[in-house]
S.K.: 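Structure below; questions to follow.
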2 protein chains.
Amino acid sequence: MKYHKIPDETIKRMPMYLRAFSILKTQNQETISSQQLAERLHLNPPQIRKDLSYFGAFGTRGIGYPVSSTAEQIRSILKLDVSQQAVLVGAGRLGTAIASYPGFSMFGFDIAAIFDNDNNKIGKTIGKNLVENVAEIVTLKARNIRLAILAVPANAAQGCADALIDAGIKGILNLSPCYLNVPKRVKVITIDIAMELGILPYYI
Amino acid sequence: MKYHKIPDETIKRMPMYLRAFSILKTQNQETISSQQLAERLHLNPPQIRKDLSYFGAFGTRGIGYPVSSTAEQIRSILKLDVSQQAVLVGAGRLGTAIASYPGFSMFGFDIAAIFDNDNNKIGKTIGKNLVENVAEIVTLKARNIRLAILAVPANAAQGCADALIDAGIKGILNLSPCYLNVPKRVKVITIDIAMELGILPYYI
DNA sequence: TTGTGGTTGTGCTCACAATCACAAGCAAAC
DNA sequence: GTTTGCTTGTGATTGTGAGCACAACCACAA
């Protein structure tokens, strides 16, 4: 399995595996077979084995995968072994909901700063962060933060993205319903809730 | 192109086309070529043509696609030509953010009811809806609502899903980080924000 | 030391989606 | 009426990922 390009679809499944292994660890289970794991995640056992084997041989034949060390391996592959700092732009309802989302901590994410353009919000505290003026985004350069979560209206998204990229941001989770024009080196993932909901009626 | 199964990936792109055509309509543009549309959406022209042609011939050779009527066609394909009523379960921060999300109206969605299990929230008003007790989900049967948005903690998600399905819900947009066990006839779409964010560090 | 049950790792095959290339066809100009 | 330019619709090709079957292998027991 050496010298193989790793499929994007495999990468997409890795956080799912990480979460499963993390939960198993808290339950003090020491090993798990691809069969058992597949039942939990509703996948096929060979797919799980193939996914994991792209990164090397983690398991033991006849036994399964060691929970604790495999979790650490995946964490390291996804670069989640060090705490990842992220900034949030947009302190509206969606932004504040995101900021207080408990699920991030499992992956080691930490909201390190929050920005907004509304004077009524600037200066207020959300969680442990003070809401700063979007004009201050430029100060991120010095702080070496590489991830941003964008929760602003669609018409403001591109402008914020430009400022973030200029300030050294390398990855953006975009929650606005729009395409962001960014340089190739910047990775954008867009989640468009309305669009996802839009396909449901077709299937029912 | 008759008698072809329509790819899931095509369906996923249809709401994107619908939004684009809707915006073009407000800008009073009468026709658009696959080339122009591809530039807007950052897709390839042949892909757009093939996607649309699965549902019949909408365009005019030499001219392009008529904005207004194509929008209506797509709306009808996705069953968004009639207002789709949906219920929201979970009136926490994420739930309230979703309830007031402006993007739903473009697709004709309407939040028709909101449920929560927290006595502090039950009875309060969010937007035009009164927050009801989750125990009342059973009353949905009489209201003929088929869509639900699930914004509750992971450990409560399966229980709520069971109640919703029992009350006649056919499609669920699940925002909890967990797999939902549902009958085959029910369509579930899960959005896991933390998991999406989890793949970003790998790419940067 | 050898045998056995069980599980991983992976080459191969199949299915599906993206892309290409071109024929078909419409509109407008002359 | 005919020609020209442009754009669609689609069969054929290529690329990518999922699934399967089996060889390789480990741990443990006898």
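Proteins come first, then strands; the chains are lettered A, B, ... in the order of their sequence lines, and each starts at number 1. Keep in mind that the numbers below use all heavy atoms, side chains included, and drop hydrogens, waters and symmetry copies.
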S.K.: Report the distance from atom CD1 of A:Ile32 to atom P of C:dT7, rounded to the nearest whole Å.
M.R.: 12 Å
S.K.: Would you mind reading off the distance between B:Ile6 atom CD1 and C:dC16 atom C1', rounded to a whole angstrom?
M.R.: 15 Å
S.K.: Taking it one step at a time, do A:Arg146 and A:Ile169 satisfy side-chain contact (heavy atoms from CB on, under 4.5 Å)?
M.R.: CA-CA 4 Å; A:Arg146 300 188 304 168; A:Ile169 292 292; 5.6 Å; no
S.K.: Please check if any side-chain donor atom of B:Ser83 sits under 3.5 Å from a side-chain acceptor atom of B:Asp110, or the reverse.
M.R.: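 Per modelled atom types, B:Ser83 and B:Asp110 side chains form no pair under 3.5 Å.
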S.K.: May I ask you to evaluate whether B:Arg13 reaches the phosphate of C:dA18, defined as a side-chain N or O under 4.0 Å from OP1 or OP2?
M.R.: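 Result: yes.
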S.K.: Without decimals, in angstroms, what is the distance between B:Leu37 CG and D:dT7 P?
M.R.: 13 Å
S.K.: On a plain distance test, is the side chain of B:Arg61 in donor-acceptor contact with the base of D:dT7 below 3.5 Å?
M.R.: no
S.K.: B:Arg49 has a side chain; which of D:dT10, C:dG9, D:dG19 sits nearest to it?
M.R.: D:dT10
S.K.: Return the 5'-most residue of the pair A:Pro46, A:Ile63 with respect to DNA chain D, ranking by each residue's nearest nucleotide.
M.R.: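 Final value for this comparison: A:Pro46.
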S.K.: If each of A:Asp8 and B:Tyr65 is mapped to the nucleotide of DNA chain D with the nearest heavy atom, which maps nearer the 5' terminus, i.e. the 5' end?
M.R.: B:Tyr65
S.K.: What is the distance, to the nearest angstrom, from the NZ atom on B:Lys5 to the P atom on C:dC16?
M.R.: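 The distance from NZ of B:Lys5 to P of C:dC16 comes to 7 Å, rounded to the nearest Å.
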S.K.: Hydrogens and angles aside, do A:Asp192 and A:Thr190 bring a side-chain donor and acceptor to less than 3.5 Å of each other?
M.R.: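 Judged by distance alone, the side chains do not pair up.
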S.K.: Would you please confirm or rule out a distance under 4.0 Å between OP1 or OP2 of D:dA18 and any side-chain N or O of A:Asn44?
M.R.: no
S.K.: Can you tell me which nucleotide in C:dT19, D:dG17, C:dG6 comes closest to the side chain of B:Lys50?
M.R.: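 Within the option list, the nearest is C:dT19.
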S.K.: Between A:Ser34 and C:dT8, is there a contact of a side-chain N or O with OP1 or OP2 at under 4.0 Å?
M.R.: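 Yes, A:Ser34 has a side-chain N/O under 4.0 Å of OP1/OP2 on C:dT8.
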S.K.: Which whole-number value in Å describes the distance from B:Leu52 CG to D:dT7 P?
M.R.: 16 Å
S.K.: Between B:Lys50 and B:Glu9, is a salt bridge (charged side-chain N to carboxylate O under 4.0 Å, His left out) present by the stated rule, with each step listed?
M.R.: CA-CA 12 Å; B:Lys50 187 156 242 186; B:Glu9 298 300 314; over 6 Å; no
S.K.: How many whole angstroms separate atom CD of B:Gln47 from atom P of C:dC16?
M.R.: 17 Å
S.K.: Salt bridge check: are A:Lys187 and B:Glu196 linked by an N-O gap of less than 4.0 Å?
M.R.: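 Salt bridge flag = no for B:Glu196 with A:Lys187.
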S.K.: To the nearest Å, give me how far apart OH (B:Tyr17) and P (D:dT8) are.
M.R.: 12 Å
S.K.: If you look at every strand shown and take non-hydrogen atoms under 4.0 Å, does B:Pro7 touch a base, only sugar-phosphate, or nothing?
M.R.: sugar-phosphate
S.K.: Whole-Å distance between C:dC16 P and A:Glu9 CD?
M.R.: 15 Å
